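These notes are about the structure you will find just below.
Only heavy atoms go into these numbers, but all of them, side chains included; no hydrogens, no water, no symmetry mates. Both counts, for ligands and for their atoms, begin at 1 and track the order of listing. In this text, all values refer to a predicted model and were calculated from it rather than measured experimentally.
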Amino acid sequence: MAGLAVNVDHVATLREARQAAYPDPVTAAALVELAGADGVVVHLREDRRHINDRDVSIIRKTVQTKLILEMAAEKAMVAVALEVMPDLVTLVPEKREELTTEGGLDLLVHRDHVKETITRLHDSGISVSVFIDPDPDQIETAHKIDSDMVEIHTGAFCDAETVRSREENFRKIVNAAKAAHELKMGVNAGHGLGYDTIKTFKGLNEIDEFSIGHSIVARAVMVGLDRAVREMAALIQAL
Ligand code: PXP
C-alpha cells in the first residue's frame with residue numbers, strides 16, 4: 001500500500017505573506033503526522049521563500065515519522081543536508097524565478113553533477129531520490145548514478161487540459177513507475193496531485209509514496225489540516 005508524505009511548504013508561504021510567526025510549519029508537521037501522514041516534506045529553497053533553516057532544524061528534532069528534504073543539487077545545500085541528516089533527500093531543479101518546481105531534474109544534462117551530489121550524500125549515510133520526468137532515459141540514468149529512489153513528476157498529467165493528453169501523460173507515469181521498480185529503485189510520485197487526480201493511480205502498485213502539498217494545505221484552509229490529511233490518506237488507502 002502506498003504512503004502519503006505531506007509537504008508543509010505552503011503553511012510557511014502563508015506565514016511569509018505577512019512575515020509573521022504563524023502559521024508555523026513546525027506545528028503543521030506535527031499535525032499531519034497525527035492525522036496519519038507517513039512523512040513530512042519540506043523544500044528548503046535557495047531564496048528561503050517559504051521554509052527556512054529554523055523550520056528544518058526544529059522539524060528534524062520533532063518529526064516522528066520521517067523527514068524528506070527537497071533541495072537543489074548545490075554545494076551549500078549539501079552542507080545543510082549533512083547538518084540536518086534528513087531521512088531522505090530529494091534532489092530537485094531550482095530556478096529563482098519559478099512559481100514552483102516546473103519540470104523534473106534533467107539527468108541527461110546534469111548527470112555528472114548529480115552523481116557527485118548523490119555520492120557525497122551517500123558517504124554520509126543519507127538516502128537520495130531524484131525528481132524526474134516520467135521518461136525512460138531519465139529512469140535509466142537515475143539507476144546508473146546510484147539513486148536509491150526516483151520521484152516521478154506528475155505535473156504534466158495533473159495539468160493536462162484534454163482527456164487525450166491526460167491519458168498520454170498518465171501512461172508515461174505508469175511506464176516510468178514500472179521501469180524504476182524493475183530496476184529495484186524506490187518509486188515516489190508527486191507535484192500537482194489533488195483529491196481527484198489521485199484516484200487515477202488505482203492499481204498502480206509500484207508507487208511507494210505520494211508527495212503532496214498544495215492541494216492538502218489549500219483544503220486545510222477550509223476544513224482544517226487534520227481532515228484534509230485524513231481525506232487524502234483515505235483516498236490513497238483505497239487505491
Ligand atoms: N514533489 C516535489 C519534488 C515538489 O517540488 C513538490 C512541490 O514542492 C511536490 C512534490 C508537491 O507538489 P504539490 O505542492 O503540487 O502537491
Side-chain angles (χ1 to χ4, degrees), residues 2-14 16 25 28-29 32 37-52 55-56 59 66-74 77 81 86-96 98-107 110 114 117 127-134 138 142 147-160 169 173 176-177 180 186-201 207-221 225 228-229 231-233 235-236:
L4 167 64
V6 178
N7 180 316
V8 296
D9 289 355
H10 293 309
V11 175
T13 301
L14 198 53
E16 295 309 313
V32 303
D38 302 291
V40 174
V41 188
V42 289
H43 183 178
L44 187 65
R45 298 184 78 103
E46 194 192 1
D47 61 9
R48 308 297 197 263
R49 73 170 66 150
H50 38 51
I51 292 291
N52 60 36
D55 302 331
V56 180
I59 293 173
K66 62 182 185 241
L67 171 63
I68 300 163
L69 178 65
E70 291 180 4
M71 57 176 236
E74 298 298 340
M77 293 311 306
D87 299 283
L88 179 72
V89 160
T90 301
L91 296 174
V92 299
E94 202 174 294
K95 279 192 249 115
R96 223 175 248 273
E98 70 191 358
L99 206 55
T100 178
T101 313
E102 282 165 3
L105 193 54
D106 190 343
L107 296 181
H110 303 290
V114 175
T117 307
S127 296
V128 185
S129 176
V130 285
F131 181 53
I132 51 178
D133 290 335
Q138 299 289 343
S147 194
D148 304 286
M149 307 196 71
V150 294
E151 180 177 331
I152 299 172
H153 196 315
T154 53
F157 156 68
C158 293
D159 296 342
N169 281 296
I173 293 172
V187 187
N188 292 340
H191 208 282
L193 291 170
Y195 293 80
D196 275 330
T197 43
I198 194 70
K199 295 174 190 160
T200 315
F201 289 78
I207 294 185
D208 295 301
E209 197 162 80
F210 293 96
S211 177
I212 308 179
H214 186 265
S215 63
I216 292 177
V217 173
R219 187 153 177 79
V221 172
L225 191 51
V229 172
E231 286 176 356
M232 186 61 85
L235 290 172
I236 290 173

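Among the atoms of Thr90, none of the N or O lies under 3.5 angstrom from an N or O of ligand 1. Remark: ligand 1 and His10 share no N or O pair separated by less than 3.5 Å (distance only, no angle test). In terms of polar-atom proximity, Val92 is not counted as a contact of ligand 1, lacking any N or O under 3.5 Å from an N or O of the ligand.
Screening Val8, Val32, Val6 for a side chain to side chain contact (heavy atoms under 4.5 Å, CB included) with Leu225, the sole residue that qualifies is Val32.
Partners of Thr200 according to the side-chain hydrogen bond (donor to acceptor under 3.5 Å, both in side chains) rule, which considers only residues two or more places apart in sequence or in another chain, do not exist here. Scanning for side chain to side chain contact (heavy atoms under 4.5 Å, CB included) contacts around Asp87 gives Arg60, Lys66, Leu67, with sequence neighbours left out.
For atom 13 (P) of ligand 1, the nearest non-hydrogen atom from the set His214, Glu151, His153 comes from His214.
The atoms of ligand 1 that sit less than 4.0 Å from any heavy atom of Asn7 are 8 (O). Of all the atoms in ligand 1, the ones that sit under 4.0 Å from a non-hydrogen atom of Gly192 are 12 (O), 13 (P), 15 (O), 16 (O).
A tilted orientation is assigned to the rings of His153 and His191, their planes being inclined by 30° to 60°.
The closest donor-acceptor contact from the side chain of Asp148 to the backbone of Ser129 lies at 3.5 Å or more, if one exists at all.
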